[in-house]
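Below is one structure, written out as structure tokens; comments come after it.
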Amino acid sequence: MSTDSEKDCSTGLCSTGPSPFANQPPLGLNLLAKDDPEDVLPDWKQIAPELPEDAYSVADALWWSHKLGERSARGSDVVFMLRDAADARAVQNALSLARKWWPAASVPRFWKSGGAARDAAALIHVPLPESGIQAGVTTAVAPTTVFSLRGVEGEIALRLGQDVTAAQAAALTPDTARELIDAYAVAIEFVDSRWREGTQAPALALLADGQCHGGLALGAWKDFAPLRNHDWHQQTCTLRINQDPAQNFAGTHSLQDPTWLLPEWLQHVTTHYGTVTAGTVVTTGTWTGCPAVQAGDLVTVCFDGLGEVRWQF
């Protein structure tokens with residue numbers, strides 16, 4: 001985690017003291033709330049009835065961070081209110097409803113999925129706010145809000161070519177799931193966190209916060225058919241920051257094949273949301289680590305033979 005953010009405070013009570021009560025407006029906004037309905041906390045019971053009441057304070061803390069555009073709480077102060085990953089996902093869903101991250105009553109159309117190794121139980125699948133997606137770009141524009149850091153990950157995104165039901169997803173293997181993909185794109189995920197600890201917040205707090213997602217840049221979509229038998233172990237890619245020497249990577253995807261996660265991802269989505277529609281996109285995890293960049297930096301990710309995309313921060 002970078003501590004160089006202009007919105008971070010590294011000294012005094014702000015850095016060492018407990019977070020403000022998560023379910024209260026930060027100092028001063030309690031007065032503004034009387035005049036501005038958007039400064040009134042959501043009625044979670046009405047908006048997200050499946051959110052456990054014990055998790056309201058976690059949702060409140062993240063709602064205020066999004067509202068203010070800066071970090072207002074420590075994940076470690078509220079994580080004890082989350083019993084498990086299901087509670088953390090319930091917070092994600094409540095925030096998506098309150099902030100309208102995707103069309104109401106629909107299956108999210110953009111996802112991130114991945115894990116440190118080929119362990120299906122350890123894979124994490126997170127729906128992404130559509131407002132942070134820059135699709136079909138050559139060079140993505142700077143994010144409007146940065147909370148903690150500007151981490152960047154070079155990835156491959158995959159697009160579903162047909163609808164998939166829960167019954168179909170349950171029967172998938174990596175080989176059969178690969179046949180459902182119609183296109184791929186080179187991608188850069190912008191990594192950020194709404195917690196004061198940044199990416200060092202507790203795991204469940206990070207999951208509640210969308211697993212450190214800040215935004216996603218997708219390059220041009222290309223036909224996936226030539227890659228159905230692609231040797232991903234031999235795939236090379238580079239990440240360049242400005243005119244610095246390129247960082248080189250070969251076969252560095254944690255799952256050895258970005259398509260390996262497709263069955264588990266589709267089973268997760270169909271279980272929690274229903275039929276996944278054609279055109280749904282999943283970005284599949286980093287090949288390049290997660291180096292931090294600064295405002296004004298130009299990041300270029302190139303997968304040899306597959307394409308490239310840039311992000312001007």
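Both backbone and side-chain heavy atoms feed into the values below; hydrogens, waters and symmetry mates do not. Predicted model, so just to flag it, every value in this text is computed and none were measured.
With hydrogens and angles disregarded, no donor-acceptor distance shorter than 3.5 Å links the side chain of Thr176 to the backbone of Leu172. Judged purely by atom type and a 3.5 angstrom limit, Thr286 has no side-chain atom pairing as donor or acceptor with the backbone of Glu153. A distance-only check finds a donor-acceptor pair linking the side chain of Glu155 to the backbone of Gly285 [under 3.5 Å].
Listed by chain and residue number, Ser96, Leu97, Tyr273 satisfy the side-chain contact (heavy atoms from CB on, under 4.5 Å) test with Asn93 (two or more places apart in sequence, or in another chain). Residues forming a side-chain contact (heavy atoms from CB on, under 4.5 Å) with Gln168 (at least two apart in sequence, or on another chain): Val164, Thr165. Residues meeting the side-chain contact (heavy atoms from CB on, under 4.5 Å) test with Gln256, sequence neighbours left out: Arg118, His233.
The shortest distance between side-chain heavy atoms of Pro174 and Pro263 falls below 4.5 Å. When side chains are defined from C-beta on, Thr283 does not count as touching Ile156, because their heavy atoms never get closer than 4.5 Å. At least one side-chain heavy atom of Leu123 sits under 4.5 Å from a side-chain heavy atom of Leu255. Annotation: side chain of Cys212 is not in contact with side chain of Asp192 (no heavy-atom distance under 4.5 Å). Side-chain contact between Asp209 and Ser193 is present, with heavy atoms from C-beta onward closer than 4.5 Å.
Hydrophobic cluster membership is shared by Val301 and Trp232, with clusters built from Ile, Leu, Val, Met, Phe, Trp and Tyr side chains linked at under 4.5 angstrom.
Expressed to the nearest 0.5 Å, how far CG of Leu82 lies from CG of Leu207 amounts to 8.5 Å. Between Gln235 atom CD and Phe249 atom CZ the span is 13.0 Å, to the nearest 0.5 Å. Separating the NE2 atom in His213 from the CG atom in Leu128 is a distance of 4.0 Å, to the nearest 0.5 Å. Going from atom NE2 of His125 over to atom OG of Ser113 covers 4.5 Å, rounded to the nearest 0.5 Å. With rounding to the nearest 0.5 Å, the separation of NZ in Lys222 from CG in Asp182 is 15.0 Å. Put simply, CG on Asp163 and CG on Leu180 are 10.5 Å apart, with the number rounded to the nearest 0.5 Å.
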Show your working on salt bridge (Lys or Arg N to Asp or Glu O under 4.0 Å) between Asp297 and Arg150 and close with a plain yes or no. CA-CA 10 Å; Asp297 284 347; Arg150 299 171 181 85; over 6 Å; no
Evaluate side-chain hydrogen bond (donor to acceptor under 3.5 Å, both in side chains) for Asp304 paired with Thr236, printing each intermediate quantity in order. CA-CA 6 Å; Asp304 295 334; Thr236 58; 2.3 Å; yes
Given the rule in the salt bridge (Lys or Arg N to Asp or Glu O under 4.0 Å) test, do Glu53 and Lys45 qualify, once you have shown the distances and angles that lead to the verdict? CA-CA 8 Å; Glu53 290 188 11; Lys45 184 170 293 187; 3.3 Å; yes
Evaluate Arg178 against Thr259 for side-chain hydrogen bond (donor to acceptor under 3.5 Å, both in side chains), listing each step before the verdict. CA-CA 6 Å; Arg178 202 176 294 126; Thr259 67; 3.1 Å; yes
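Contact detail for Pro258 and Trp287: the closest heavy-atom pair is CD-CZ2, 4.1 Å. Taking both residues in full, the closest heavy atoms of Pro291 and Thr288 are given as CD-O, 3.7 Å, listed atom of the first, atom of the second, then distance. Pairing each heavy atom of Ala90 with each of Glu50, the nearest pair is CB-O, 4.4 Å. In terms of heavy-atom proximity, Pro202 sits nearest to Glu197 at CD-OE2, 4.0 Å.
In summary, the side chains of Asp175 and Thr173 do not present any donor paired with an acceptor at a separation below 3.5 Å, with no hydrogens or angles considered. Inspection of the Ser65 and Glu70 side chains reveals no N or O donor paired with an N or O acceptor under 3.5 Å. Counted by atom type alone, Thr280 and Arg109 present zero donor-acceptor pairs between their side chains at under 3.5 Å.
No close placement of the Trp102 and Phe110 rings is indicated, their centers lying 6.0 Å or farther apart.
In summary, Asp54 and Arg83 do not engage in a salt bridge, as defined by a charged side-chain N under 4.0 Å from a carboxylate O.
Ring orientation note: the planes of Trp265 and Trp111 are nearly perpendicular, at an angle over 60° on the 30°/60° scale.
Remark: Arg159 is positioned above the aromatic ring of Trp221, its terminal NZ or CZ atom under 6.0 angstrom from the ring centre and at most 45 degrees off the axis. For the pair Arg194 and Phe147, the cation sits on the ring face: its NZ or CZ lies under 6.0 Å from the ring centre, inside 45° of the axis.
Counting heavy atoms of neighbouring residues, nucleotides and ligands inside a 6.0 Å radius, atom CG of Asn229 does not exceed 12 of them.
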